[in-house]
Trainee: 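Following this message is one structure expressed as structure tokens.
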Amino acid sequence: MKATLTDLITKAFERAVKKGELPDISLPPWKIELPKNPRHGDYATNIAMVSASLAKRAPRQIAEEIIANIEDPDGVLDSFEIAGPGFMNFRFKPARWHRIVKDILADGANYGRTDVGAGKKVQVEFVSANPTGPLHVGHGRGALLGDVLASLLEAAGFDTDREYYINDAGNQMATLGASVYARYLELCGREVEFGEKLYQGDYVKELAAGFLEREGERYLDMSEDEAVELLGLAAGKTILDGIRTDLEEFGVTFDRWFSELSLYESGRVTKTLEALEKSGAAYRKDGALWLSTSKYGDEKDRVLVRADGRETYFASDIAYHHDKYERGYQEIVDVWGADHHGYVPRMKAALEATGHDRDSLDILMVQLVSLLRGGEPVSMSTRAGEFVTLEEVVKEVGRDAARFLFLTRSSDTMLDFDLEVAKQRTTDNPVFYVQYANARIFSVLREAKGAGVDTEGADDISLSALTQDAEIDMIKLLYLFPEVVEGAALLREPHRLAYYLQDLAANFHQYYNKHRFLVEDEGLAKARLALVRAISTVIVNGLTLMGVSAPESM
RNA sequence: GCCUCCGUAGCUCAGUGGAUAGAGCACAGGAUUCCUAAUCCUGGUGCCGCAGGUUCGAGUCCUGCCGGGGGCACCA
């Protein structure tokens, strides 16, 4: 309908120009928007105001000329007028809105999908936590952000892949190996000093105990270096399996798990470094290899290869991102914890140094999560008995509640995640509020079926009985859904979807309390049932995008 | 010191440069002979942190300041 309006307005403007009533200017960007105030019609445009200075005419005067030239051959408009400082307000006839309901029912599970993405290849890389310990709630937030964003991008017509980057090379794996080895020696009765730099968590002890149980004391027979390496690899694998399981429990899966180690093994890191040095982007100084990131906006140059010959994490990260482009991705989204934001300028710089457009990479920073229980902070230190891992949180509050709550804040504000609130089945907890709306609809449909009313199909139902403001307003909100999906995808703001669904559910609950659906007037009943089915379609599609279930009864 | 995020109702937070800034919670009262009361209705609240600037128009964009979180390694 926006498209219809755009067409009507543009043509009216052109006619006015042709007749000499308006100067022939190229229109600056103008908008059609939904006014907050219903008195301002269904849609409003600012075209007269934005073109005022170029046309050297008063906004209201321009608006008048456009209005005078509007033709509405299909008769879809109910009214239109000039208002305020130069807005033009438009109102569609109810019949035009009624058609939307049929469209939604016809589209079904596809309603909300658009093709703005035009099949463009996009990759969303998220979580990518080091396999040195279990996931915590902060990872959960990043996981949700990435997962739902990927779903939104798919719905918006992008060819989307989800990827997890495994940091299985370098220091941290060595530290993990050393940590497990130390605990292992302890369990074998050896005296060891457990260094501060080693991973302190109890899970390390459990890992060590596991190796002892399954493989006995064989690690005592080898050199420390060998044992540390083998244990590091094995422990990393075990932890990664756990991470994978936890994410699956949380409803998050990936198209690809990409190993950092594989970049080294295939020589892609070396190749990238050589290319950088050859192109002059990297240089040697003090025995190390540096990348001139400061040429591309970073505050100083960064080391790629240390003086002792070991590559930095940055080096493999460059190779990794270069590899993403070689795999054909046109747009890349990285979801990082906010504590890594200092890394952004050098990554962007590295992109340019390797010949890629810095704007083709979007780095989303996800702010911290504080875990609360009944308003009291839960210690995030790895202490026995505290609920700190993602697995435990999901187990306690349930997948749906956890997923929804992670999206109730924009990703760049801190999130308080209260375990008690997450479990409450009240309005405090938006997930049940939204699910309940859908359950109510199914209850109505069951009732209708029981009374022998047809609740299928749409083509032959007349919707002209939907004359209440509440009904037209509902339809307008439903019509907004594809735009919400598209906006959330393009702006990389999945929380918009969560807010929209709450708004939709609220409108439905109000409608439900104000009007009955199963009324004697069969035409009205059928029309309302069709509307209610369309509402359910949108709720289900929205929740599905969020990876949240939509039960038919609660 | 530099970078970055945040600052909007008592609290938690929404708010693609548009018209009279919203929701939930909290507090008080009310609604079910009838489709699920996990719901709804009625009550009122704002120097949109402060000061400049851009604009026909600023909570939204720019600059500076104040306050809070996070980050500033040849760590990841």
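Proteins come first, then strands; the chains are lettered A, B, ... in the order of their sequence lines, and each starts at number 1.
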Trainee: Rounded to the nearest angstrom, tell me the gap between atom CD in A:E311 and atom P in B:rA76.
Mentor: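 Checked: the CD to P distance equals 11 Å.
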Trainee: Under 4.0 Å between a Lys/Arg side-chain N and an Asp/Glu carboxylate O for A:R528 and A:E471?
Mentor: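 Result for this pair is yes, salt bridge flagged.
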Trainee: For a quick test of reading the model, state the closest non-hydrogen atom pair linking A:F432 to A:A422 and the distance between them.
Mentor: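 Closest pair (atom of A:F432, atom of A:A422, distance): CE1-O, 4.2 Å.
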Trainee: When the C1' atoms of B:rC6 and B:rG15 are considered, how many whole Å apart are they?
Mentor: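 About 15 Å, rounded to a whole number of Å.
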Trainee: Any base atoms under 4.0 Å from A:S410, or only sugar-phosphate, or nothing? Heavy atoms, all strands.
Mentor: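 Result for A:S410 = sugar-phosphate.
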Trainee: Base, sugar-phosphate, or nothing: which does A:Y512 touch, judged by heavy atoms less than 4.0 Å apart?
Mentor: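 Base, at least one base atom sits under 4.0 Å.
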Trainee: Only one of A:L34, A:I535, A:N507 forms a side chain to side chain contact (heavy atoms under 4.5 Å, CB included) with A:L477, so which one is it?
Mentor: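 Considering A:L34, A:I535, A:N507, a side chain to side chain contact (heavy atoms under 4.5 Å, CB included) with A:L477 is found only for A:N507.
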Trainee: To the nearest Å, how far apart are A:Y43 OH and B:rG18 P?
Mentor: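 Roughly 17 Å, once rounded to whole Å.
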Trainee: Remember a base hit wins even if backbone is also touched, and classify A:A44 as base, sugar-phosphate or nothing at under 4.0 Å, heavy atoms.
Mentor: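 Base contact.
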Trainee: Could you spell out the base pairing of RNA chain B in dot-bracket, with Watson-Crick or G-U pairs whose two distances are under 3.5 Å, [ ] crossing and | to another strand?
Mentor: (((((((..((((....[...)))).(((((.......))))).....(((((..]....))))))))))))....
Trainee: Does A:H495 put a side-chain nitrogen or oxygen below 4.0 Å from OP1 or OP2 of B:rG15?
Mentor: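 Yes, because at least one side-chain N or O of A:H495 sits under 4.0 Å from OP1 or OP2 of B:rG15.
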Trainee: For the residue pair A:R91 and A:F80, would you count it as a cation-pi contact if the rule is NZ or CZ under 6.0 angstrom from the ring centre and within 45 degrees of the ring axis?
Mentor: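 That pair does not qualify as a cation-pi contact.
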Trainee: According to a strict under-4.0 Å criterion, is A:R440 in side-chain N/O contact with OP1 or OP2 of B:rA38?
Mentor: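 No, because none of the side-chain N or O atoms of A:R440 sits under 4.0 Å from OP1 or OP2 of B:rA38.
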Trainee: Under 4.0 Å, counting only non-hydrogen atoms across every strand here, what does A:D298 touch: a base, just sugar-phosphate, or nothing?
Mentor: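 The answer is nothing, as A:D298 stays clear of every strand by at least 4.0 Å.
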Trainee: Give a yes/no answer on whether the side chain of A:Y313 brings an N or O atom under 4.0 Å of OP1 or OP2 in B:rA76.
Mentor: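 A:Y313 to B:rA76 OP1/OP2: no side-chain N or O under 4.0 Å.
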Trainee: Please work out if A:N37 contacts a base, only the sugar-phosphate, or nothing of the nucleic acid, heavy-atom cut-off 4.0 Å.
Mentor: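 Base contact.
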Trainee: Just the rounded figure in Å: distance from P of B:rC34 to CG of A:L518.
Mentor: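 Nearest whole value for this atom pair: 14 Å.
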Trainee: Atom pairs under 3.5 Å, N or O on each side, protein against nucleotides 70-74 of chain B: can you list them with distances?
Mentor:
residue: B:rG70; atom: N2; partner: A:H341; partner atom: ND1; Å: 3.1
residue: B:rG70; atom: N2; partner: A:H341; partner atom: NE2; Å: 2.9
residue: B:rC72; atom: O2'; partner: A:E299; partner atom: OE2; Å: 3.3
residue: B:rC74; atom: O3'; partner: A:R306; partner atom: NE; Å: 3.0
residue: B:rC74; atom: O2; partner: A:A307; partner atom: N; Å: 2.8

Trainee: Pick base, sugar-phosphate or nothing for A:H40, based on heavy-atom distances below 4.0 Å to the nucleic acid.
Mentor: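 Answer is base: heavy atoms of A:H40 come under 4.0 Å of a base.
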Trainee: Applying a 4.0 Å non-hydrogen cut-off, can you work out what A:Y499 is touching in the nucleic acid: base, sugar-phosphate, or nothing?
Mentor: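 Result for A:Y499 = sugar-phosphate.
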Trainee: State plainly whether the residues A:E493 and A:R496 are in salt-bridge range, i.e. N to O under 4.0 Å.
Mentor: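 So A:E493 pairs with A:R496 through a salt bridge.
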Trainee: Between A:F517 (CZ) and B:rC40 (P), how many Å, whole number?
Mentor: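 Rounding to the nearest Å, CZ of A:F517 and P of B:rC40 are 13 Å apart.
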Trainee: Are OP1 or OP2 of B:rG18 and a side-chain N or O of A:K31 less than 4.0 angstrom apart?
Mentor: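 So the side-chain polar atoms of A:K31 do come within 4.0 Å of the phosphate oxygens OP1 or OP2 of B:rG18, strictly under.
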Trainee: Under 3.5 Å between N/O atoms: give me all the protein pairs with nucleotides 8-10 of chain B, atom names plus distance.
Mentor:
none

Trainee: Looking only at side-chain N and O atoms, does A:K36 come under 4.0 Å of OP1 or OP2 in B:rA19?
Mentor: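 Yes, because at least one side-chain N or O of A:K36 sits under 4.0 Å from OP1 or OP2 of B:rA19.
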Trainee: Which is true for A:A52 with a 4.0 Å heavy-atom rule: it touches a base, it touches only sugar-phosphate, or it touches nothing?
Mentor: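 A:A52: no heavy atom of the nucleic acid under 4.0 Å.
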Trainee: Strictly below 4.0 Å: does A:T413 bring a side-chain N or O up to OP1 or OP2 of B:rG7?
Mentor: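 Looking at the OP1 and OP2 atoms of B:rG7, neither is under 4.0 Å from any side-chain N or O of A:T413.
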Trainee: CZ of A:R516 versus C1' of B:rU32: gap in Å, rounded?
Mentor: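 It works out to 11 Å between those atoms.
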Trainee: Determine the contact category for A:N46: base if any of its heavy atoms lies under 4.0 Å from a base atom, sugar-phosphate if only primed atoms, P, OP1 or OP2 are that close, otherwise nothing.
Mentor: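 It contacts base atoms.
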Trainee: Grab the NE2-C1' distance between A:H509 and B:rU32 for me, whole Å please.
Mentor: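 Taking atom C1' of B:rU32 as the reference, NE2 of A:H509 is at 16 Å.
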Trainee: Assess whether side chain to side chain contact (heavy atoms under 4.5 Å, CB included) is satisfied between A:V369 and A:F406, documenting all intermediate values.
Mentor: CA-CA 9 Å; A:V369 179; A:F406 277 125; 4.3 Å; yes
Trainee: Considering every strand and a 4.0 Å limit on heavy-atom distances, what is the contact class for A:M414: base, sugar-phosphate, or nothing?
Mentor: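 Sugar-phosphate only.
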Trainee: Could you verify whether a donor N or O on one side chain and an acceptor N or O on the other, from A:S410 and A:D412, lie under 3.5 Å apart?
Mentor: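 Note: A:S410 and A:D412 side chains meet the donor-acceptor criterion.
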Trainee: Closest approach of A:L176 and A:G232, non-hydrogen atoms and distance?
Mentor: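 Closest approach of A:L176 to A:G232: CD2-O, 4.0 Å.
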Trainee: Between B:rG22 and B:rG46, how far is it from one C1' atom to the other, in whole Å?
Mentor: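 It works out to 12 Å between them.
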